[in-house]
Amino acid sequence: MEKKSMGKKTIEKKSIEKKPKDKELADNVPADRKTGKVSLVGAGCGGPELLTLKGLNCLRQCDAVLYDSLAAQELLELTPVGCEKINVGKRYGGKAMPQEDINALLVEKAREGKYVVRLKGGDPYVFGRGGEEMLVLKDEGIPCEEIPGITSAIAAPAAAGIPVTHRQCSRMVTILTASAINSEGKKEALTQVDYKALAQLQGTLVVLMGMHHLEELALKLMEAGKSPETPAAVIMEGATIRQRSVRATLGTIAKTAAEAGLKPPAVIVIGEVAALDLMPQEPSFSSGELQGLHIGVTGTEGFSGRLAAALREKGACVTDCGFLKAVPTEKELPDFAEYDWLCFTSPNGVMHFFDKLRQEKRDLRTLMGMRIAVIGPGTGKKLEEYGFYPDICPEIFDAEHLGIALAEKTAPSERILLCRAEKGSPALTERLLQAGREFTDFALYSLRIDPEKRKNAVRMAADTDYLLFGSASGVETFFEGLCEEGVLLPERVKLACIGERCAARLKEMELQNRTTGDTLVAEEFTIEGLVHCVMKSAAGGRNP
């Protein structure tokens, strides 16, 4: 009761300090939602495919998401444009937002009238402190719900071929968290429980957050009477492409795991089921030309999401190595009456343009009489979603050839509005300047680096078979991350990219980090072309 009241006191203090005035809240919150709500969503274990359909719907509608470091990063791409994303999680021993502050932030965002998703790895109620957060939200009168997720206690062993129950050898399962704050409240230590009772259980013991205490845990169980010959297993990063596992006995599992270099996050399984191996004969039920390949994708959220979907259709196991976020400008769009042409260089640009039209309450009549140019079919397809069709699309889908096409098909008196990223390719403007065309280069959005995501991305990239790039700027920022983290890509990782400029920059950066390796270049500068390039390489063909 004392802890609960302390948490509530903290919440009230922070909420009062940051809570908007009633009038401001009424003005900013949609008419159909004057008070916010919170969904505690289980992200599942491993890849984004293990998210529930209800969890997916929550992410697609939320105004803010508070996520922890164990949730699949790809899930954040499912949120709407403009959704506030706040990382509050940690791994063992890392810094994190205190739980009381997380509770306060959930209440604060809900009181702003927002729909908040608290995205948690696994299941919110299985050692996820979801119960604590739900109690606080209920005490504060915030509408709230819990959406279950697939806990790593079940999913990780299953991914390694271990069922946590089996009628012939285990009719019960016990889940234990092995890390707890010590009696002084200063340091994490092995959880103090009745190990004699645990040792006498005949079913399966699944241990979470126990890698740092594995040797001590095994010793306590054996001292309490558990046979050293009891089968045991450790599964690291279960249900992901980085999954690794070892099997041994209770008496040798700590040494075996250490020799294999297994590290957190990992799940420990102790019991007869750890001796079972129910792995399918094929590593994946997926089919396609890229089956069995691990492919990393980079770029903005939109680009990497579309590329990942195309690769998965071909059977690839995809890792999102993206860390660039497109942030829309706060400046108002120019007066369209001053221009004859609109020009888009990416699907992101199209999306942000029409979002700003809505925000500024300009309807489509303001575009009357304007003609539109796009850099390629992907951008044109995104434009079609808004009911418009391009007048110009170059035969070669890059900035230079877009500039050439615009220069050829526009009159010297016509003005062009370029709507693109803040640091777009200079090849486009150089061609327009050479042709004497008048234009405004409007920075519709800027690309921001998420340092934490980049740190994870360069680490995950080393485990892939192919690493794909969509722009020269993406190449630069990725290799800068490699240098900062002191990571060298293994020579076996094949690099592929869209466009000659991207390839040239990749060659320059690659020479600083690797000594050998060919760069694959898509024949067609589209997502489909990049996928085909990888398929050709994987089949043993030689990329020109």
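Using a 4.0 Å cut-off between charged side-chain N and carboxylate O, E49 and R312 make a salt bridge. No salt bridge links E485 with R459; every basic N to acidic carboxylate O contact stays at or beyond 4.0 Å.
Contact between A224 and Y195 at its shortest, heavy atoms only, is CB-O, 3.4 Å. Listed here is the closest heavy atom pair of M211 and A266: CG-CB, 3.4 Å. Taking every heavy atom of both residues into account, A153 and I175 meet most closely at CB-CD1, 3.7 Å. I150 and A155 get closest at one heavy-atom pair: CG2-CB, 3.6 Å. Considering all non-hydrogen atoms of both residues, L198 and K226 come closest at O-NZ, 4.5 Å. Taking every heavy atom of both residues into account, A232 and L250 meet most closely at CB-N, 4.0 Å.
Looking at heavy atoms from C-beta onward, K325 lies out of side-chain contact with D450 at the 4.5 angstrom threshold. Proximity of S471 to C502: side-chain heavy atoms (C-beta onward) are nowhere separated by under 4.5 Å. A heavy-atom distance below 4.5 Å is found between the side chains of N348 and M351. At a threshold of 4.5 Å between non-hydrogen side-chain atoms, the residues T52 and P148 do not count as touching. Proximity of R244 to E237: side-chain heavy atoms (C-beta onward) are nowhere separated by under 4.5 Å. In this structure the side chain of E452 reaches within 4.5 angstrom of the side chain of N87, judged on heavy atoms.
If you run side chain to side chain contact (heavy atoms under 4.5 Å, CB included) between V107 and each of V116, V136, I102, only V136 comes through. Paired with E145 under the rule salt bridge (Lys or Arg N to Asp or Glu O under 4.0 Å), one option of K37, K138, K54 passes, and it is K54.
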Stepwise, does the side chain to side chain contact (heavy atoms under 4.5 Å, CB included) test hold for I86 with Y67?
-> CA-CA 6 Å; I86 306 171; Y67 64 98; 5.6 Å; no

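Note on ring orientation: taking the six-membered ring where Trp is involved, the planes of F478 and F323 are parallel (angle under 30°, cut-offs 30° and 60°).
In this structure, K196 places its NZ atom where only 12 or fewer heavy-atom neighbours from other residues, nucleotides or ligands lie under 6.0 Å away. The number of heavy-atom neighbours closer than 6.0 Å to NZ of K455, taken from other residues, nucleotides and ligands shown, is 12 or below.
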